[in-house]
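Below, read A as the first sequence line, B as the second, and so on, with proteins coming before strands; counting in each chain starts at 1.
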Amino acid sequence: MVLPLLQDPPQFSRPSPPIQTLPYKPPKNPLNQQSFQENFRIICNFLLSLTRSGSLLKGQALHSHIVKSGIQIIPLVSHHLINLYSKLQRPFDSQFVFEEAPFKSSTTWSSMISTFAQNDLPILALSYFRAMLYNGFAPDEHILPSAVKACAIMSRHDVGMSMHCLAVKNAMNLDVYVGSSLVDMYAKCAELGYARKLFDEMPERNIVSWSGMIYGYAQMGEDNEALGLFKRALEGGLSLNDFTFSSVIRVCGNSTLLELGRQMHSLCVKMNCDSSSFVGSSLISLYSKCGVVENACQVFNEVVDKNLGMWNSMLIACAQHGHTKKVFELFGRMKSCGMKPNFITILCVLYACSHAGLVKEGNYYFGLMKEYGIEPGDQHYASMVDLLGRAGKLGEATKLIKEMPIQPTESVWGALLTGCRLHGNTELAAYAADRILELGSVSSGFNVLLSNAYAAVGRYEEAAKARKMLRDRGVKKETGLSWVEEGNRVHTFAAGERQHFKSKEIYEKLGELENEMELAGYVMDTSQVLRAVGNEEKSEAIRYHSERLAIAFALITFPPERPIRIMKNLRVCSDCHTAIKFMSKCTGRLIIVRDNKRFHHFSGGECSCGDYW
DNA sequence: CTAGGGTTAG
């Protein structure tokens, strides 16, 4: 059978980096072929222990010792050497061992293919897989999962499917390892239908199969399916592990289900999964997204073995909640812990700078990327342009875009456009809009921005065109919604609605509160209401914005000391922002509002964003 | 003696 691989028949001429020569101490009893044959089990066990402890130097020493003794390596030993280098993330050293091995068993092939798959070299993994077939080795249930994994890395479900065929032909599709790897591959390639079909047909399923399926649903935003499967796995008495929890906690975070998330956290503790930094990262993100940054910090402090994901999620949490100083402090601590930032780390820091208007710091961290060998991507540029644009430095922002070594994307020009709108530079806004149009396709979020930009400079025809694009695509303006979790459910509100069973009390409470606020000095600002309506209507529209309804609901239902956490899908309008400040002052409550970009902590008449948002 | 899952941004 011919596999649709991405490369021609494998070439073994890829240069292997030489094994580092170490100070070679001849052993007291020189190793010869006979003693090697007799003692290979001891050697294997020794290699295994070196692999477990990650001792690169000792492993290399033994390797070069064997090489220098001129002994023919037997497959089992080469297999262990390949594994040693694989675990130490030196796949080309593994390849060297493989190529030098005079005898290759299917185990040797297997470890080589899995080495490439584990070290993110999917094309090499598949080339070797094919070479193995050419060399007359039948694929077995140990090798196939690695080959499938390589397909998953490349997001090639077509290639993966040919592996699936191979499994069926060779009667391996019922094997739980093969099945799980295929489920995972289909899930990663967004082919949930295939994944689920296979999953349902598997005669034997273990936690890996379940986790893969749950991960797939979580990835596609099918939260209910993911949670349902998790529940079934839990009820089925499977021993859930940190892999499962990291996916399912992510689901809670994405839907801001704080109470359910807390229950998941408890389960993690119960099942001893709470020390994993993968679970920790999802927990931090969950608590942060739900507005409980204190709990996020707690998780961060409790997990001892912090990986990069942990640091990044903590940085994001602090940035989202406006703890800018803490972001810089954490970044410094990362360095002293020997943790190397990646592109996400930098994005987090830039995000923090942008939300606090810290241009100098932003420039510093942007420059730092070079030092860490991180190539600035379009998102980094977009972030910088956003920072400069918001701070009113439109000239510098434009200069940065002009000097970009890569093609500026829609998000880069969009950031400039936002800055122009904030600072009333209509000319530059129209220029940026032209550049976005030049890129060809405009994503739906940008049409309104473009239309407004053209209208502002009097180019009405283009403004209308931009709006028409939106209509043609059938995109409706997103309805502003606010929601709040109470008891076992989420209460959602739209502006001016009266569907909620406590509507009467909510509107009464708002009226009452408004009087108190006015006494404290609140004056309604209707200038931001765009629709051409009378003043009376304007104040009606603003008075019952969804976040106000949600807050009023919380005020009449929550116990007095409980912080009020509101989620909103759109930006908070400036009048509501002012109003909520007064609300926090008049009621003495802590009110936390998450809009589509960030968090606002209102307390005692002040907001954590410092009115820069 | 060998094999299959994950986190973090927007």
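- Partners of Ser354(A) according to the side-chain hydrogen bond (donor to acceptor under 3.5 Å, both in side chains) rule, which considers only residues two or more places apart in sequence or in another chain, are Asp386(A).
- If you take NE2 of His380(A) and C1' of dA9(B), they are 9 Å apart, rounded to a whole angstrom.
- With hydrogens and angles left out, the side-chain atoms of His79(A) and Ser111(A) include a donor and acceptor closer than 3.5 Å.
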Let me check something: any side-chain donor-acceptor pairs from residues 283-300 of chain A under 3.5 Å, sequence neighbours excluded? List them with distances.
from	atom 1	to	atom 2	distance (Å)
Tyr287(A)	OH	His265(A)	ND1	2.8
Ser288(A)	OG	Gln320(A)	OE1	2.8
Lys289(A)	NZ	Asn254(A)	OD1	3.1

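- For Leu76(A), the side-chain atoms get nearest to dC1(B) when compared with the rest of dT2(B), dT7(B), dC1(B).
- Counting atom types as modelled, Asn241(A) pairs no side-chain N or O with a base atom of dG6(B) as donor and acceptor under 3.5 Å.
- If you check distances only, the side chain of Asp184(A) never reaches the base of dG4(B) with a donor-acceptor pair under 3.5 Å.
- One interatomic measurement links the two molecules: OH of Tyr128(A) to C1' of dA3(B), which rounds to 20 Å at whole-angstrom precision.
- Within the structure, salt bridge (Lys or Arg N to Asp or Glu O under 4.0 Å) contacts touching residues 172-188 of chain A (residues at least two apart or in different chains) are Asp184(A)-Lys188(A).
- Set against dA3(B), dG6(B), dT7(B), the side chain of Gln219(A) has dT7(B) as its closest nucleotide.
- There is no side-chain donor-acceptor pair under 3.5 Å between Ser86(A) and Asn83(A).
- One can find a donor-acceptor pair under 3.5 Å joining the base of dG6(B) and the side-chain atoms of Ser276(A).
- In this structure, Lys188(A) reaches the dG6(B) phosphate: one of its side-chain N or O atoms is under 4.0 Å from OP1 or OP2.
- For the pair His355(A) NE2 and dA9(B) C1', the computed distance is 11 Å after rounding to whole Å.
- Atom pair Lys87(A):NZ and dA3(B):P shows a separation of 6 Å (rounding to whole Å applied).
- Contact annotation: Arg250(A) side-chain N/O to dT7(B) OP1/OP2 distance is under 4.0 Å.
- Every residue was checked against the side-chain hydrogen bond (donor to acceptor under 3.5 Å, both in side chains) condition with Asn170(A), not counting sequence neighbours, and none meets it.
- Classification of the Trp109(A)-Phe98(A) ring pair by plane angle, with boundaries at 30° and 60°, yields perpendicular.
- In this structure, the nucleotide among dG5(B), dA3(B), dT8(B) sitting nearest to the side chain of Ser281(A) is dT8(B).
- The residue Tyr177(A) sits close to a base: some heavy atom pair falls under 4.0 Å.
- Asp175(A) places its CG atom 13 Å from the C1' atom of dT2(B), with the value rounded to the nearest Å.
- In summary, the side chains of Tyr365(A) and Glu361(A) do not present any donor paired with an acceptor at a separation below 3.5 Å, with no hydrogens or angles considered.
- A straight line from CG of Leu240(A) to C1' of dG5(B) spans 13 Å, rounded to a whole angstrom.
- Ser111(A) comes within 4.0 angstrom of nothing in the nucleic acid, heavy atoms only.
- Between Asp120(A) atom CG and dG5(B) atom P there is a gap of 11 Å when expressed in whole angstrom units.
- When heavy atoms are screened at a 4.0 angstrom cut-off, Asn206(A) is found touching base atoms of the nucleic acid.
- Glycosidic conformation of dG4(B): anti, with the torsion beyond 90° of 0.
- Donor-acceptor pairing under 3.5 Å, judged by distance alone, is absent between the side chain of Ser181(A) and the base of dG4(B).
- At whole-Å resolution of the value, CE in Met172(A) and P in dA3(B) are 16 Å apart.
- One finds a side-chain N or O of Gln118(A) lying less than 4.0 angstrom from the OP1 or OP2 phosphate oxygen of dG4(B).
- Contact check, Ser277(A) against dT7(B): no side-chain N or O comes under 4.0 Å of OP1 or OP2.
- Near DNA chain B, meaning a heavy atom under 4.0 Å from it, residues 340-351 of chain A has Ile344(A), Leu347(A), Tyr351(A) in order of number.
- Between Lys149(A) and dG5(B), a side-chain N or O to OP1/OP2 separation shorter than 4.0 Å is present.
- Counting only residues at least two apart or on different chains, the salt bridge (Lys or Arg N to Asp or Glu O under 4.0 Å) pairs with a member in residues 210-233 of chain A are Arg196(A)-Glu225(A), Lys231(A)-Glu235(A).
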